[in-house]
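Here is the structure we will look at.
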Amino acid sequence: MKIRILNKSTNPLPEYKTKGSAGMDLLSNNEAEIILKPMERTLVPTGLFVEIPNGYEGQVRARSGLSIKNGITLVNAVGTIDSDYRGELKVPVINLGHEDFTIKRGDRIAQLIVTKYEQVIWEDSDSVDETDRGHGGFGSTGV
Ligand SMILES: O=c1ccn([C@H]2C[C@H](O)[C@@H](COP(=O)(O)OP(=O)(O)OP(=O)(O)O)O2)c(=O)[nH]1
Ligand SMILES: [Mg+2]
């Protein structure tokens, strides 16, 4: 998969850290330090441009360590990177913690998962088939 990296010296090729890792860490590429106050949000640049193959998507997800230690998570919950997107990968982060959080170039701010997906073809219909669950949802099976 093709990738263009703006700052290879501080932000090398994203890598799977272990044999079984699903995600590769995304490093921030902001020139100036970002200080994110509690409940503030910002768009963190990564300096990465990718060519995701047809039939695959990128998912930008939070890092669990940052979320629990610092309250840093993604404003959009999970970012969707379309295979035809050619802009810079960016990470919309929010500080849900109680302390200021500093983001410096090269910090591991989120992770990228590249995975397969299917596009569906709609069949416009007056009804949908019946199942045991039917309309039950939102806790219908108990707590
Ligand atoms: O966390 C994210 C989410 C999205 N994107 C880029 C890649 C994606 O392909 C594009 C559009 O994302 P999305 O469809 O989620 O945003 P939108 O608000 O619907 O924008 P658009 O109208 O451009 O589709 O923005 C990122 O860089 N980071
Ligand atoms: Mg969109």
Side-chain angles (χ1 to χ4, degrees), residues 1-129 131 133-141 143:
M1 188 174 119
K2 242 193 222 178
I3 186 166
R4 177 176 163 233
I5 303 176
L6 289 186
N7 272 299
K8 282 193 190 141
S9 55
T10 50
N11 297 29
L13 206 59
E15 59 178 14
Y16 297 105
K17 286 278 184 199
T18 68
K19 221 174 155 193
S21 290
M24 294 164 274
D25 286 335
L26 290 172
L27 311 189
S28 62
N29 189 44
N30 43 297
E31 248 178 77
E33 222 172 66
I34 298 172
I35 297 173
L36 211 54
K37 293 190 187 316
M39 290 314 292
E40 257 186 6
R41 57 184 192 262
T42 192
L43 200 50
V44 178
T46 65
L48 302 181
F49 298 76
V50 295
E51 254 184 45
I52 295 179
N54 279 337
Y56 289 76
E57 59 151 336
Q59 297 181 3
V60 180
R61 300 196 202 146
R63 294 189 63 216
S64 49
L66 283 184
S67 73
I68 199 65
K69 284 185 211 137
N70 307 97
I72 296 298
T73 190
L74 307 187
V75 186
N76 53 354
V78 176
T80 303
I81 312 299
D82 302 291
S83 63
D84 54 357
Y85 179 68
R86 293 293 174 269
E88 182 177 7
L89 293 196
K90 293 188 177 168
V91 185
V93 295
I94 185 163
N95 181 0
L96 300 179
H98 299 295
E99 314 285 338
D100 287 3
F101 184 74
T102 305
I103 303 170
K104 295 190 290 297
R105 178 177 265 162
D107 285 350
R108 293 152 68 193
I109 198 69
Q111 57 185 319
L112 176 70
I113 285 85
V114 179
T115 185
K116 285 184 181 165
Y117 72 91
E118 300 278 347
Q119 282 191 348
V120 297
I121 297 166
W122 292 115
E123 182 194 331
D124 197 1
S125 173
D126 291 333
S127 61
V128 290
D129 74 357
T131 65
R133 173 181 282 275
H135 290 253
F138 308 97
S140 68
T141 63
V143 283

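Read the numbers this way: they start at 1 and go in the same order the structure lists the ligands and their atoms. Any value given below was found using the heavy atoms of this structure, including those in side chains, with hydrogens, waters and symmetry copies removed.
- The single protein non-hydrogen atom nearest to atom 3 (C) of ligand 1 is Asn76 ND2, 3.7 Å, given as residue, atom name and distance.
- The shortest heavy-atom contact between Phe49 and Arg86 is CD2-O, 3.4 Å.
- Asn30 and Arg105 share no side-chain donor-acceptor pair at under 3.5 Å.
- Distance screen at 4.0 Å: atom 5 (N) of ligand 1 has a protein heavy-atom neighbour inside the cut-off.
- Using a 3.5 Å distance cut-off with no hydrogens or angles, the side chains of Ser64 and Ser67 do not pair a donor with an acceptor.
- In summary, of the residues considered (Leu66, Ile35, Asp107), a side chain to side chain contact (heavy atoms under 4.5 Å, CB included) with Phe101 occurs for Leu66 alone.
- When the options Ile81, Leu112, Leu89, Leu43 are ranked by their closest heavy atom to atom 26 (C) of ligand 1, first place goes to Ile81.
- In this structure the side chain of Ile103 reaches within 4.5 angstrom of the side chain of Ile109, judged on heavy atoms.
- If you number the atoms of ligand 1 from 1 as listed, the ones under 4.0 Å from a heavy atom of Pro92 come out as 1 (O).
- Nearest heavy-atom pair across Val44 and Ser28 is CG1-CB, 3.4 Å.
- The contact set between ligand 1 and Gly79, taken as ligand atoms under 4.0 Å from a residue heavy atom, comprises 1 (O), 2 (C), 3 (C).
- Of the protein's non-hydrogen atoms, Asp82 OD2, 3.9 Å is the one closest to atom 11 (C) of ligand 1.
- Nearest heavy-atom pair, Ala110 versus Leu74, reported as atom, atom and distance to 0.1 Å: CB-CD2, 4.4 Å.
- From the protein, the heavy atom lying nearest to atom 2 (C) of ligand 1 is Lys90 O, 3.5 Å.
- Among Lys17, Arg61, Arg108, the one residue that satisfies the salt bridge (charged side-chain N to carboxylate O under 4.0 Å, His left out) test with Asp25 is Arg108.
- Near Thr80, the atoms of ligand 1 lying under 4.0 angstrom from a non-hydrogen atom of the residue are 3 (C), 4 (C), 7 (C), 8 (C), 9 (O), 12 (O).
- Within a 4.0 Å radius of atom 9 (O) of ligand 1, the protein contributes one or more non-hydrogen atoms.
- For atom 13 (P) of ligand 1, no protein non-hydrogen atom is found at a distance below 4.0 Å.
- What sits closest to atom 25 (O) of ligand 1 on the protein, heavy atoms only, is Tyr85 CE1, 4.0 Å.
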